[in-house]
Amino acid sequence: MNIPLLDLKRQYQSIKPEIDAAIQHVLESGRFILGPEVKAFEQEVAEYCGVKHAIGVASGTDALLLSLRALGIGSGDSARGITRDGNIPRAKVIIPSFTFFATAGVVHNVGATPVFADIDPKTFNLDPSNVRRILTTNHELRTKIKAIIPVHLYGQMADMDEIMSIAREYDIAVVEDAAQAIGAEYLPRAIPADKTISRGRKAGTIGNLGCFSFFPTKNLGAYGDGGMVITNDDELAERVRILRAHGSKPKYYHRMVGINSRLDALQAAILRVKLTHLSDWTTARQRVATRYDKMLHDVDGIETPYRATNRSHIFHQYTIRVKDGCRDALKQHFKEQGIGTSIYYPLPLHLQECFYELGYKEGDLRVSEEASREVLSLPMFPELAQEEQDYVIQQIRAFFEEETN
Ligand SMILES: *Cc1c(COP(=O)(O)O)cnc(C)c1O
């Protein structure tokens, strides 16, 4: 049996008439950049998340980059994006080492320096106690740190209560990298016993700004690149809006130097259709995850994903830990049996060659390093059939039974 890690063709087939009509509508409208489709999609995402502003941009990477720029971080820390004269120390931004490269790339690309923090071994997300340690051990470093970017990896939010309390204490901005977590919720810490659970706060709405990616493989994926910034802050929203169109306002007059980073009308129209299905798809992913949990929890040699009680998990990835150095052998076994798996991510960012000059070495962030040796993401998408899932489960069991015999 051939089982892909994910299958975008099945999803398209299930909504083809709606998508085709939406594309046709844009083609006939003659409006291809921003315009009414993008505006409507921005409003719908804002509503979905329960946030004041949503600004469509060209990618998740640009959403992060423009958020940092809107906060005035980088390039000598001038909001205009022009380096001031004189020797201005580069701003620093705390990010987890165990994440997709873009989180670090944008920090560098705005002219700031990433400070890598370790992760919580259970959630794979930024460890607040490690962030606090960075801020308390070195006074000079502390004064340069301007932002924290928690990443909600695999679809489960980071410990935002702790992170926000640290950020307030040290007066640091927070940009949520919610590229993998659109729709994930952070539930109120104390739920009164006589109350049914009130809805939590959505990923991206807790920090100063939140960022989404519509890369095709994300839970809400376009048919090309796309991204979005959300915020409740009027001023930051206005700055992101201006910065995504070369910094011009009014047109052809520039107070700031921006970039060209706009969401296409075609992608917005496609995403508007898909947004109406997102809750159902999330439920389907959660059902797949619960079944994996149930069928795999007793397998010696792996750990199924941890789910924090005060957060919902939208399972962008279903990522297990494979213990005792067996990860690569299990991956190979899956490959031979026609099952697609992936390693997100095989090398933590503090050990990437491009950041060599920052002076990190092996052993500096042990939890991230261990995760990169143990993680394996299994086939996960809403349309995954039960027989297919059973085959994956059966192959894991077969692998470990062979190991012990
Ligand atoms: C996908 C992703 C991004 C970047 O999004 P693009 O749309 O591909 O630019 C950033 N951070 C994380 C954690 C991601 O998964």
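Order of appearance sets the numbers: ligands from 1, and atoms from 1 within every ligand.
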If you measure from each heavy atom of Lys218 to ligand 1, is any distance below 4.0 Å?
-> yes
Ranked by distance from atom 4 (C) of ligand 1, the top protein heavy atom is Thr61 OG1, 3.5 Å
Note: ligand 1 atoms sitting under 4.0 Å from heavy atoms of Val151 are 13 (C)
Please could you name the atoms of ligand 1 that Ala179 approaches to less than 4.0 Å, counting only its heavy atoms?
-> 2 (C), 3 (C), 10 (C), 11 (N), 12 (C), 14 (C), 15 (O)
Identify, for atom 7 (O) of ligand 1, the protein heavy atom at the shortest distance, and state residue, atom and that distance.
-> Ser213 OG, 2.6 Å
Which residue holds the protein heavy atom closest to atom 13 (C) of ligand 1, what is that atom called, and what is the gap in Å?
-> Asp177 OD2, 3.4 Å
For atom 3 (C) of ligand 1, what's the nearest protein heavy atom and its distance?
-> Phe100 CD2, 3.6 Å
Lys202 to Tyr48 six-membered ring, cation-pi geometry met (6.0 Å, 45°) | yes
Basic-acidic side-chain contact under 4.0 Å: Lys361, Asp364 = yes
Just wondering, more than 12 heavy atoms not from Glu336 lying within 6.0 Å of its CD?
-> yes
Which residue and heavy atom of the protein sit nearest atom 15 (O) of ligand 1, plus the separation = Gln180 NE2, 2.8 Å
For Gly60, atoms of ligand 1 separated by under 4.0 Å from a heavy atom = 5 (O), 6 (P), 7 (O), 9 (O)
So, Thr113 versus Arg90: side-chain donor-acceptor pair below 3.5 Å or not?
-> yes
Evaluate the ring planes of Phe355 and Phe101, with Trp represented by its six-membered ring, and classify them as parallel (under 30°), tilted (30 to 60°) or perpendicular (over 60°).
-> parallel
Thr205 side chain to Arg201 backbone, donor-acceptor under 3.5 Å | no
Is the Tyr344 to Phe100 ring centre distance short of 6.0 Å?
-> no
